[in-house]
Amino acid sequence: YKDIYKHIDSIPLTHTGIVRRSLTKYLRATSPAYFKQVRECIPFPAEFRGQQLAFTGGSVLGNPCYSGRVVHNVASNDFASSYPAHLVLFPEYPITRFKLQRGCVALGQLETEKRCYCMLVRFKGLNGRLNVHYIPHARLIEVSKGIYDNGKLVSCASATLWITEIDLQIINSVYDYENLELLQVWEADKGFINGEYRKYIIDCYNQKTTLKNVEGKEEEYNDYKTTINALYGIFVTGIVNPDITYKGQEWHIEEVNLIDKLRELKSKRNNINIYSQGVYCTALARRSLWRIITELNKLGVFVYSDTDSHKYIYRVALAQQINAIFDSFNQDMHQRHILVAEELGISPERLAPVDVKGIAHPLGFSEREGIYDDFCQRGAKKYCYRDKEGLHITVAGLGKKKALSEGTPLKTVQDFESDLYFDEAHSGRLTATYNDSQPDICIEGHTYHYQYGLALTPTTYTLKDGGEYTDYLERLKGLRV
């Protein structure tokens with residue numbers, strides 16, 4: 001680091017910072033005009049607030065009809081580098097700054113084939129037509145008589161929120177509604193993100209794929225793997241953040257003036273972040289995820305999804321129909337490969353690199369990852385399964401290794417029930433205890449005057465469904481798949 005950055009003040013604080021510098025240098029050499037586009041896309045304050053409220057990460061959900069049930073022969077599919085794929089392959093990104101549409105705008109006036117839209121909307125009489133739901137409670141600005149499924153809106157009398165036209169496509173596939181009112185509409189030109197930027201992503205994906213499981217190349221593989229993640233992180237990094245300062249032996253959070261901060265960003269020459277494109281990256285990835293969710297759900301086999309993966313019951317009688325869902329999606333992605341390769345002037349093989357075993361991994365394809373003998377989920381980020389390698393658990397806030405260590409209360413998937421208790425030795429959790437009036441401490445003749453102290457101590461974990469989710473599951477009794 002000393003040889004590269006010369007001084008400690010120049011060392012980036014995160015790996016994303018390292019990638020940002022490398023990418024900036026690459027774009028300076030290959031596409032200097034891109035930096036002018038970035039400056040021109042710095043949003044107006046009102047535009048930026050709308051984009052912030054429209055931004056959402058990946059969809060994470062379990063099918064409530066299978067919640068708490070142990071199901072068998074569950075297959076798992078993952079998208080090959082979902083976010084990089086959607087950055088490279090989709091020509092549906094805002095490539096100009098958004099402009100506010102004056103006056104009353106009707107839904108039929110939206111030119112979604114060639115325009116991007118960031119919109120404040122109000123739905124009335126909204127009802128989910130499926131047993132899985134898309135709109136997160138956290139995105140709602142106003143809601144009347146809302147019913148929720150593990151944090152997702154099932155139905156309501158009215159709901160107000162910011163969305164993109166991509167979100168609206170998903171909502172139209174999941175919900176029915178009596179009326180949709182466009183309260184505020186911002187419009188931008190639509191197209192691919194910068195070509196050289198996409199070539200950089202493709203190069204990193206090739207390196208990551210070809211280096212995976214190559215003996216002696218583990219460090220290089222990990223570097224490219226984290227680089228791929230960082231490239232997505234750059235797109236969704238907030239461009240306006242409060243300043244945190246240390247004055248008079250105390251930390252202070254100083255809110256920034258949004259107008260001044262955005263004006264300052266326009267003057268920066270090395271900024272490579274078009275924030276609105278990050279909003280669309282996750283939206284496009286969600287649309288692909290939900291395309292498959294809705295098709296699997298029609299067959300009654302959808303069980304769980306998390307950002308870039310699907311878990312579903314692989315019923316032999318439905319195998320042909322299930323396989324057709326994924327084949328259709330992958331064929332569409334293959335067509336995108338051909339079009340993008342021609343547009344970028346590269347070989348299509350660059351979008352389907354081969355691993356050490358000679359197996360191709362086409363960017364963005366849905367690939368089968370495995371089959372689980374037993375699987376049980378209890379909503380978002382809470383599931384347990386058994387495959388040929390043994391028992392596995394994923395629960396937000398619970399240590400995976402500790403939870404399955406010797407003496408664990410979880411012996412089988414059937415044990416994955418509400419109120420399952422993990423003691424301090426098996427939770428992997430720590431609780432923080434703050435002390436603002438710590439007495440002086442004397443150690444080996446030295447007295448230490450530290451007023452503030454923090455102790456991290458092991459704590460327990462109890463698996464819970466949550467009161468609202470439990471109530472919703474009660475409503476579904478008798479309606480389960």
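The basis for the numbers below is simple: all heavy atoms, side chains too, and nothing from hydrogens, waters or symmetry mates.
A side-chain donor-acceptor contact under 3.5 Å links Gln37 to the backbone of Ile95. Looking only at distances, no side-chain donor or acceptor of Gln335 sits under 3.5 Å from a matching main-chain atom of Met333. In this structure a side-chain-to-backbone donor-acceptor pair under 3.5 Å is present from Lys190 to Thr112. Under the 3.5 Å distance criterion, the side-chain polar atoms of Arg69 are matched with a main-chain donor or acceptor of Cys65. Not a single donor-acceptor pair under 3.5 Å links the side chain of Gln321 to the backbone N or O of Leu318. Here the side chain of Arg378 pairs a donor or acceptor atom with the backbone of Phe416 at under 3.5 angstrom. Side chain of Arg97 to backbone of Ala188: no donor-acceptor contact under 3.5 angstrom is found.
The environment of NZ in Lys411 is crowded: more than 12 heavy-atom neighbours from other residues, nucleotides or ligands sit within 6.0 Å. Around CZ of Phe192, the count of heavy atoms belonging to other residues, nucleotides or ligands within 6.0 Å exceeds 12. Shown here is Gln320, whose CD atom has no more than 12 heavy atoms of other residues, nucleotides or ligands within 6.0 Å.
For the residue pair Asn270/Thr24, the side-chain donor-acceptor check at 3.5 Å is not satisfied. Counted by atom type alone, Thr56 and Arg286 present zero donor-acceptor pairs between their side chains at under 3.5 Å. Between the side chains of Ser158 and Lys124, no donor-acceptor pair is found at a separation under 3.5 Å. Ser67 and Tyr469 share a side-chain donor-acceptor pair at under 3.5 Å. No donor-acceptor contact under 3.5 angstrom links the side chains of Gln51 and Tyr280, judged on distance only. For the residue pair Asn273/Thr237, the side-chain donor-acceptor check at 3.5 Å is not satisfied. The closest side-chain donor-acceptor pair between Ser59 and Trp290 falls under 3.5 angstrom. His310 and Ser366 are not linked by any side-chain donor-acceptor pair at a separation below 3.5 angstrom, with hydrogens and angles left out of the test. For the 3.5 Å distance criterion, the side chains of Thr30 and Lys199 fail to qualify, holding no donor opposite an acceptor. Between the side chains of Ser22 and Tyr200, at least one donor-acceptor pair of N or O atoms lies under 3.5 Å. The closest side-chain donor-acceptor pair between Asn172 and Tyr177 falls under 3.5 angstrom.
Remark: aromatic rings of Tyr383 and Tyr372 are distant, center separation not under 6.0 Å. In this structure, Tyr34 has its ring center no closer than 6.0 Å to that of Tyr26.
Within the structure, side-chain hydrogen bond (donor to acceptor under 3.5 Å, both in side chains) pairs that include any residue of residues 291-301 comprise Asn131-Asn297, Arg291-Ser328, Arg291-Asp332, Glu295-Lys298 (at least two apart or interchain).
Put simply, the side chain of Arg350 reaches to within 4.5 Å of the side chain of Asp203, judged on heavy atoms. Considering only heavy atoms from C-beta on, Lys212 stays 4.5 Å or farther from Lys208 through its side chain. Considering only heavy atoms from C-beta on, Arg115 stays 4.5 Å or farther from Gln101 through its side chain.
Tested against His361, the residues Asn206, Thr210, Thr209, Asp355 include a single side-chain hydrogen bond (donor to acceptor under 3.5 Å, both in side chains) partner, Asp355. None of Tyr83, Tyr197, Tyr275 except one satisfies the ring-ring contact (aromatic ring centres under 6.0 Å, His included) rule with Phe235; the exception is Tyr197. Between Tyr134 and the choices Ile293, Leu153, Leu61, Asp167, the side chain to side chain contact (heavy atoms under 4.5 Å, CB included) rule is met once, by Asp167.
Shortest non-hydrogen contact noted between Val174 and Val132 is CG1-O, 3.6 Å. Gly62 and Tyr304 make their closest contact through CA-CD1, 3.7 Å (heavy atoms, listed as atom of the first residue, atom of the second, distance). Across Leu182 and Val121, no two heavy atoms sit closer than the pair CD2-CG1, 3.7 Å. Across Leu473 and Pro64, no two heavy atoms sit closer than the pair CD2-O, 3.6 Å.
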Using side chain to side chain contact (heavy atoms under 4.5 Å, CB included), reason through Leu391 and Thr412 one step at a time and then give a plain yes or no.
CA-CA 7 Å; Leu391 197 61; Thr412 69; 5.7 Å; no
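The distance from the OH atom of Tyr224 to the CG atom of Leu211 is 7.0 Å, given to the nearest 0.5 Å. Note that the CE atom of Met119 and the CG atom of Leu183 stand 11.0 Å from one another [nearest 0.5 Å]. Interatomic distance, Cys116 SG to Leu110 CG, rounded to the nearest 0.5 Å: 11.5 Å.
Between His86 and Phe90, the two ring planes are parallel [angle under 30°; tilted spans 30° to 60°]. Classification of the His133-Tyr175 ring pair by plane angle, with boundaries at 30° and 60°, yields tilted.
Note that Arg368 lies outside the cation-pi zone of Phe326, set by a 6.0 Å cut-off to the ring centre and a 45° limit from the axis.
For the salt bridge (Lys or Arg N to Asp or Glu O under 4.0 Å) test, residues two or more places apart in sequence or in another chain that qualify with Asp306 are Lys381.
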